[in-house]
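Dropping the structure in here first, questions after.
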Amino acid sequence: MRRPVAVVALAALLSVTACSTSGGGSDAGGDGGKTTTTADDGKTTTTEGDTSTTIAPDDDPDQAVADAVNATLDNPRFSVQSEANLTVGAQKFQLTTDGSIDYEGLVADAEITIDGGKGQQGQLKLLADGEKLWINAEGDVGVTIPDGKSWVEGDADLLTSSDNFAPVDLIGVIVALRGADGTKAEGTKEIDGVETQQYSTTLTYDEAVEGAGADAEAFKSALSLTSEKPVDLNIDVWVGDDGIIRTFQLEVDAPSGVPLGGDYTVELTDVGDDVEVPDAPEASKVLTGAKADALLDKLMGG
């Protein structure tokens with residue numbers, strides 16, 4: 001399966017070989033300042049001020065977070081804000097995604113930015129109104145829109161006919177949770193009007209790749225690391241009472257002496273809500289026809 005140009009560029013920027021000498025890792029946690037208690041029946045109760053809420057975590061937290069991955073990727077409508085950061089020695093890399101997508105209605109308004117340091121920067125903007133799709137590509141994303149145009153136009157059904165802009169391509173880092181073992185149920189809190197259960201887990205990068213299964217390539221495109229010794233991923237995730245992830249936080253915990261670190265955060269809001277239809281770009285700035293089709297094929301991997 002081909003990956004979007006921006007994601008391929010990111011993978012190239014984030015693919016790092018780190019020579020390690022020793023392993024290490026620690027559990028991540030935290031409940032946002034709330035007080036959490038655990039009863040004999042396994043229920044966790046979180047209290048803040050005069051408000052107290054209770055959610056019964058799944059009997060098998062590992063299965064609960066794996067199921068949450070599938071429920072999240074199957075959800076057709078959401079808004080997403082994500083930020084990936086990686087530090088290798090003195091060099092820093094960053095990827096951000098911000099926007100909303102409705103895969104059923106073929107509506108989208110989203111932006112992906114890449115900052116590879118040393119002047120390597122790029123940006124993709126994606127718009128779709130249910131009938132047409134437009135992409136603006138600037139900077140180091142591997143393509144240049146010709147003829148003085150700034151947008152390429154295609155059919156909106158490219159959102160679903162192309163594998164490379166599916167939810168797993170935008171938020172594929174969450175599939176690391178399929179490899180979770182020893183997950184702990186923590187406290188609860190409300191996110192975007194939904195009561196959520198927090199889970200925390202630690203696994204190695206290699207375990208995450210293996211656990212991702214058929215989506216391993218999507219995960220490696222989202223976060224590509226190579227080390228001679230295991231690199232731990234400390235993960236906290238908050239799952240709504242509908243089984244869908246609202247917040248995902250990952251921290252890279254490299255062995256001592258390895259100049260490698262980073263974090264990846266995904267925030268999902270407006271889950272299941274209608275997405276506002278964006279305005280079309282100015283027609284004079286839009287490339288159409290055979291040239292546009294060729295560029296879209298390259299950008300979206302259709």
Side-chain angles (χ1 to χ4, degrees), residues 28-39 41-84 96-105 107-111 166-178 180 183-201 215 222 233-251 263-277:
D31 56 12
K34 298 184 178 183
T35 302
T36 300
T37 59
T38 301
D41 59 3
K43 293 183 179 181
T44 58
T45 300
T46 300
T47 304
E48 181 176 39
D50 295 328
T51 302
S52 178
T53 58
T54 300
I55 289 180
D58 194 281
D59 290 338
D60 185 349
D62 290 334
Q63 189 62 51
V65 296
D67 290 344
V69 170
N70 297 334
T72 304
L73 296 179
D74 286 343
N75 176 64
R77 293 188 296 273
F78 58 85
S79 295
V80 57
Q81 288 186 313
S82 69
E83 182 174 312
T96 62
T97 301
D98 187 0
S100 303
I101 296 184
D102 176 355
Y103 288 95
E104 289 182 339
V107 176
D109 187 351
E111 182 176 293
V168 72
D169 298 294
L170 294 178
I171 55 174
V173 68
I174 69 171
V175 302
L177 289 167
R178 290 179 180 160
T183 302
K184 298 178 181 179
E186 307 285 359
T188 66
K189 69 177 178 179
E190 185 176 298
I191 299 176
D192 194 35
V194 175
E195 198 67 24
T196 67
Q197 172 70 54
Q198 179 187 355
Y199 296 94
S200 64
T201 191
D215 293 319
L233 306 179
N234 299 327
I235 300 175
D236 281 281
V237 62
W238 285 259
V239 179
D241 51 16
D242 53 4
I244 295 175
I245 293 170
R246 292 311 197 279
T247 301
F248 173 96
Q249 296 176 347
L250 177 151
E251 180 182 2
D263 55 73
Y264 204 132
T265 301
V266 177
E267 301 275 355
L268 295 182
T269 57
D270 306 319
V271 173
D273 293 348
D274 291 336
V275 175
E276 184 176 351
V277 178

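The structure displayed is predicted, hence computed values, not measured ones.
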Fill in: Passing option when W238 is tested against E190, E195, E186, Q249 for side chain to side chain contact (heavy atoms under 4.5 Å, CB included)
Q249
Worksheet item: Does V239 reach the side chain of D67, with side-chain heavy atoms less than 4.5 Å apart?
Response: no
Worksheet item: Does the side-chain contact (heavy atoms from CB on, under 4.5 Å) test come out yes or no for T196 and T247, once each step is laid out?
Response: CA-CA 9 Å; T196 67; T247 301; over 6 Å; no
Worksheet item: Tell me, which pairs form a salt bridge (charged side-chain N to carboxylate O under 4.0 Å, His left out) where one or both residues lie in residues 263-275, sequence neighbours left out?
Response: none
Worksheet item: What's the shortest heavy-atom distance between A71 and G243, and which atoms?
Response: CB-O, 3.5 Å
Fill in: Heavy-atom check, side chain of Y103 versus side chain of P167, under 4.5 Å
yes
Item to complete: Could you tell me the separation between the OG1 atom of T201 and the CG atom of L233, rounded to the nearest 0.5 Å?
Response: 10.0 Å
Worksheet item: Below 4.5 Å, heavy atoms only, C-beta onward: do L268 and I171 meet side chain to side chain?
Response: yes
Worksheet item: When rounded to the nearest 0.5 angstrom, what distance separates CG in D236 from NZ in K184?
Response: 11.0 Å
Worksheet item: Given I244, which of T72, D74, V194 fulfils the side chain to side chain contact (heavy atoms under 4.5 Å, CB included) condition?
Response: T72
Discussion item. Less than 4.5 Å apart, side chain to side chain, heavy atoms only: is that true for N75 and V271?
Written reply: yes
Item to complete: Check whether any side-chain heavy atom of L177 sits under 4.5 Å from a side-chain heavy atom of Y199, and report yes or no.
Response: no
Discussion item. N70: which residues meet the side chain to side chain donor-acceptor pair (under 3.5 Å) condition with it, sequence neighbours left out?
Written reply: R178
Response to the item:
Those residues at least two apart in sequence (or on a different chain) that pass salt bridge (Lys or Arg N to Asp or Glu O under 4.0 Å) with D192 are none
Worksheet item: Mind checking whether I245 and V65 have side chains closer than 4.5 Å, heavy atoms only?
Response: no
Worksheet item: With sequence neighbours left out, what residues match D102 under side-chain contact (heavy atoms from CB on, under 4.5 Å)?
Response: R77, E104, V107, V275
Worksheet item: Residues in side-chain contact (heavy atoms from CB on, under 4.5 Å) with A176, at least two apart?
Response: A208, F219, I235
Discussion item. Under the rule for side chain to side chain donor-acceptor pair (under 3.5 Å), what residues qualify as partners of T96, not counting sequence neighbours?
Written reply: T113
Practice prompt. Work out which heavy atom in A222 is nearest to a heavy atom in G172; give both atom names and the distance.
Written response: CB-C, 4.4 Å
Discussion item. Just to verify, what does D62 make a side-chain contact (heavy atoms from CB on, under 4.5 Å) with, not counting sequence neighbours?
Written reply: D60, A180, D181, T183
Discussion item. A108: which residues meet the side-chain contact (heavy atoms from CB on, under 4.5 Å) condition with it, sequence neighbours left out?
Written reply: I101, L126, A128, L159
Practice prompt. Go through the structure and list residues passing side chain to side chain donor-acceptor pair (under 3.5 Å) with E111, not counting sequence neighbours.
Written response: Q123
